[in-house]
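The next block holds one structure in the form of structure tokens; read it before the comments.
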Amino acid sequence: MNAPVSDSMPSALHGVLHVALVGNPNSGKTALFNRLTGSRQKVANYAGVTVERKEGRFAAPSGRTIRVLDLPGTYSLNATSPDEAVTRDVCMGRFDGEARPDLLVCVVDATNLRLHLRFVLELKQIGLPMVLALNMCDVAARRGILIDTDKLSQRLGMPVVETIAVKHRGTEALVRQLDAALPDLPLAPDANADLHVQVGRLLSDCVSIPRRTAQIDDALDRVLLHPSWGLAILTVLMFFMFQAVFSWAAPLMDGIDAGVGWIGTAVSTLLPDGPLKSLLVDGIIAGAGSVIIFLPQILILFLFILMLEESGYLPRAAFLLDRLMVGAGLTGRSFIPLLSSFACAVPGIMAARTIQDPRDRLATILVAPLMTCSARLPVYALLIGAFIPQRTIGGWFNLQGLVLFALYIAGIVAALGVAWLMKALRKDDTEHALLLELPSYRIPHPFDISIGLWERATIFLKRVGTIILSLTVLLWVLSSFPAPPADATGAAIEYSLAGRIGHALEWVFAPVGFNWQICIALVPGLAAREVAVSALATVYALASTSDDASAQLLPIISSQWSLATALSLLAWYVFAPQCISTLAVIRRETQSWKMVGITAGYLFGLAYLASLLTYQIARLLT
């Protein structure tokens with residue numbers, strides 16, 4: 001039985017209804033927001049703070065416009081982070097420039113009501129009409145969890161509806177409720193009863209949870225959270241992930257590479273010699289095509305990350321690594337932002353907002369760029385493919401995958417080392433307890449994984465079609481003009497503006513083994529790391545007389561570079577902050593140009609030192 005509704009029709013019913021989605025992290029709140037609003041949403045920051053603001057609109061069946069605000073996930077109205085403070089202030093009407101919502105939709109995970117109902121009881125004290133959305137109710141049903149929604153609605157004094165955010169028609173009950181009259185204010189909470197006690201009574205009266213579900217979770221946790229076995233399993237998972245990046249992607253990459261080569265040859269055959277042919281073949285096809293071939297590796301990496309996230313394993317990995325990270329001056333909460341940085345440092349840095357302690361948050365932000373983001377993967381894959389043989393070690397392990405794993409480990413070790421040094425310099429011996437939700441294990445939903453992979457592929461291809469393509473065309477112009485003099489003996493690119501820049505920088509990077517072609521690629525690579533691959537392809541295509549140059553980057557560098565130079569460039573990309581977007585988001589999150597300068601300075605310093613040592617040692621050993 002739903003809670004009674006007001007007899008009078010509120011003004012919001014006739015105009016735009018302002019709804020705020022609130023809930024704990026991991027409740028599926030954002031998935032529900034996406035399902036409700038579709039593409040009719042906009043993302044920005046709240047005025048004066050760096051917390052992300054998501055707003056969308058949709059039309060209910062009656063024609064009523066419903067404005068939906070997706071508030072940051074929080075565990076309590078007693079805010080301990082910027083995200084939680086924004087949620088509290090918006091709900092209570094204390095946030096400048098944001099009207100108080102007409103209705104709160106509290107989204108809870110139907111499989112984890114013991115945790116999520118505490119926040120529902122706390123929200124009742126605000127004094128706004130509320131609707132409880134039981135999300136993931138299909139998962140709860142599969143686990144044998146029975147929820148008496150009528151009784152729960154009666155006990156809470158608010159409408160309770162079931163939702164399945166990942167299904168096409170999984171929000172119909174919620175939309176019908178939003179299209180009706182606003183419910184009365186929820187029943188006042190019992191001021192004399194402890195929140196935990198009230199939740200226990202609600203679960204006892206309204207929810208039946210089979211012991212088997214908890215037994216499975218407990219059995220898995222005894223192994224996966226074991227201080228020795230758990231860390232060993234985590235290491236094996238990470239190792240297998242990087243092995244798969246090379247092993248599984250190879251056939252797909254070969255197919256894309258062959259397709260790019262065929263297109264380059266076809267265009268070269270059809271067009272007469274001249275600037276247009278050079279732009280298309282040596283610039284666009286050679287540049288952008290050399291980056292697209294790494295899409296399979298990036299998607300395989302994200303496949304593993306999404307599966308670990310969907311399964312409920314990531315919070316457990318954070319718990320396992322808490323002691324190690326605290327010793328290095330971080331916190332277990334830093335694990336998820338740093339893991340997000342494997343995809344891209346920008347969302348990883350933004351995810352550090354959930355860390356309550358300002359010093360821990362700043363330390364996480366400053367070391368996040370050391371995580372090996374997906375933009376580094378094309379550079380790593382190119383150099384590993386050119387200089388590391390395809391060899392099996394011990395009958396099981398791919399040597400190229402081992403090298404890639406070592407590069408990721410190098411970034412992690414460097415991040416822990418820098419964090420430890422920052423902790424030592426500020427002489428901070430304090431430690432902060434880790435309070436973390438451990439959700440029930442679940443089998444990843446193929447639909448969610450597919451959507452996640454589609455989004456990553458779209459983002460990557462958009463970067464190829466915008467940033468990378470634009471910079472490739474710009475580099476082609478700089479590498480083609482001015483034309484060489486009539487008595488020129490070298491390649492035309494050496495007389496161009498880009499060639500002159502490369503030769504001017506060569507003396508700076510000669511001690512680390514970089515030639516003038518690499519120096520050229522480093523400059524556009526400041527915008528995005530993977531642009532270095534397209535830049536190298538364009539530079540060598542313009543320096544080659546072959547019509548099939550667009551497909552020849554890997555064999556060219558393997559024949560013209562020394563192993564010491566390749567290893568030095570790999571070491572450079574472990575540390576170098578060649579991503580303007582990362583530095584920009586550090587400025588936005590810290591509100592400090594000083595922090596940007598410190599980050600860029602120490603990363604460039606580490607990159608040059610690592611490359612110098614790698615190059616000089618490799619020269620002695622090879």
Side-chain angles (χ1 to χ4, degrees), residues 253 256-265 267-268 273 275 277-294 378-387 464 468-469 471-481 483-484 488-506 509-510 512-525 528-570 572-573 578:
M253 292 178 67
I256 296 174
D257 192 22
V260 170
W262 179 85
I263 293 173
T265 302
V267 173
S268 180
D273 292 339
K277 175 181 176 179
S278 178
L279 171 62
L280 292 176
V281 177
D282 301 328
I284 295 175
I285 296 175
S290 63
V291 179
I292 289 176
I293 65 173
F294 298 107
V379 181
Y380 287 172
L382 173 69
L383 297 177
I384 291 172
F387 291 92
V464 172
I468 296 175
L469 184 60
L471 290 173
T472 297
V473 172
L474 177 61
L475 181 62
W476 175 86
V477 173
L478 295 176
S479 302
S480 302
F481 301 98
T489 56
I493 189 175
E494 296 192 38
Y495 301 92
S496 68
L497 183 58
R500 293 170 186 174
I501 294 173
H503 283 294
L505 291 174
E506 191 174 12
F509 291 99
V512 301
F514 293 178
N515 56 29
W516 64 270
Q517 293 97 331
I518 295 175
C519 294
I520 292 177
L522 292 179
V523 176
R529 293 180 177 96
E530 64 267 51
V531 175
V533 175
S534 63
L536 284 172
T538 298
V539 168
Y540 279 106
L542 289 170
S544 173
T545 59
S546 170
D547 288 338
D548 194 32
S550 61
Q552 299 300 313
L553 178 59
L554 191 145
I556 286 175
I557 66 172
S558 63
S559 62
Q560 295 187 13
W561 293 6
S562 67
L563 176 61
T565 292
L567 294 177
S568 175
L569 188 56
L570 283 173
W572 173 268
Y573 270 95
Q578 291 205 216

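Everything numeric here is computed off the predicted structure, so don't read it as measured data. Along the sequence shown, the residues carry numbers beginning at 1.
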Would you say [X]'s side chain and [Y]'s backbone share a donor-acceptor pair under 3.5 angstrom?
X: Ser568; Y: Ala564; value: no
X: Ser268; Y: Gly264; value: no
X: Arg500; Y: Tyr495; value: yes
X: Ser496; Y: Ser479; value: yes
X: Ser480; Y: Val477; value: no

Measure the shortest side-chain to side-chain distance between [X] and [Y] over non-hydrogen atoms and say whether it is less than 4.5 angstrom.
X: Leu475; Y: Leu471; answer: no
X: Leu505; Y: Val523; answer: yes
X: Thr472; Y: Ile284; answer: no
X: Asp257; Y: Met253; answer: no
X: Leu383; Y: Ile557; answer: yes
X: Val531; Y: Ser534; answer: yes
X: Ile501; Y: Ile520; answer: no

If every non-hydrogen atom of [X] is compared with every non-hydrogen atom of [Y], which pair is closest and at what distance?
X: Ala286; Y: Ala541; result: CB-CB, 4.1 Å
X: Tyr573; Y: Tyr380; result: O-OH, 3.5 Å
X: Phe514; Y: Glu506; result: O-CG, 4.0 Å
X: Thr565; Y: Gly513; result: OG1-O, 3.0 Å
X: Gly502; Y: Cys519; result: O-CB, 3.8 Å

Ring-plane angle category for Tyr540 and Trp561, please: parallel below 30°, perpendicular beyond 60°, tilted otherwise.
tilted

With respect to Trp476, which candidate in Leu279, Leu280, Ile493 satisfies the side chain to side chain contact (heavy atoms under 4.5 Å, CB included) definition?
Leu279

Out of curiosity, [X] [atom1] to [Y] [atom2], how far, rounded to the nearest 0.5 Å?
X: Thr538; Y: Leu474; atom1: OG1; atom2: CG; answer: 11.0 Å
X: Asp282; Y: Leu542; atom1: CG; atom2: CG; answer: 5.0 Å
X: Leu570; Y: Phe387; atom1: CG; atom2: CZ; answer: 9.0 Å
X: Trp516; Y: His503; atom1: CH2; atom2: NE2; answer: 5.0 Å

Stepwise side-chain contact (heavy atoms from CB on, under 4.5 Å) check, Phe294 with Glu530
CA-CA 10 Å; Phe294 298 107; Glu530 64 267 51; over 6 Å; no

Partner set under side chain to side chain contact (heavy atoms under 4.5 Å, CB included) for Ile256, not counting sequence neighbours
Val260, Ile292, Ile293, Pro296

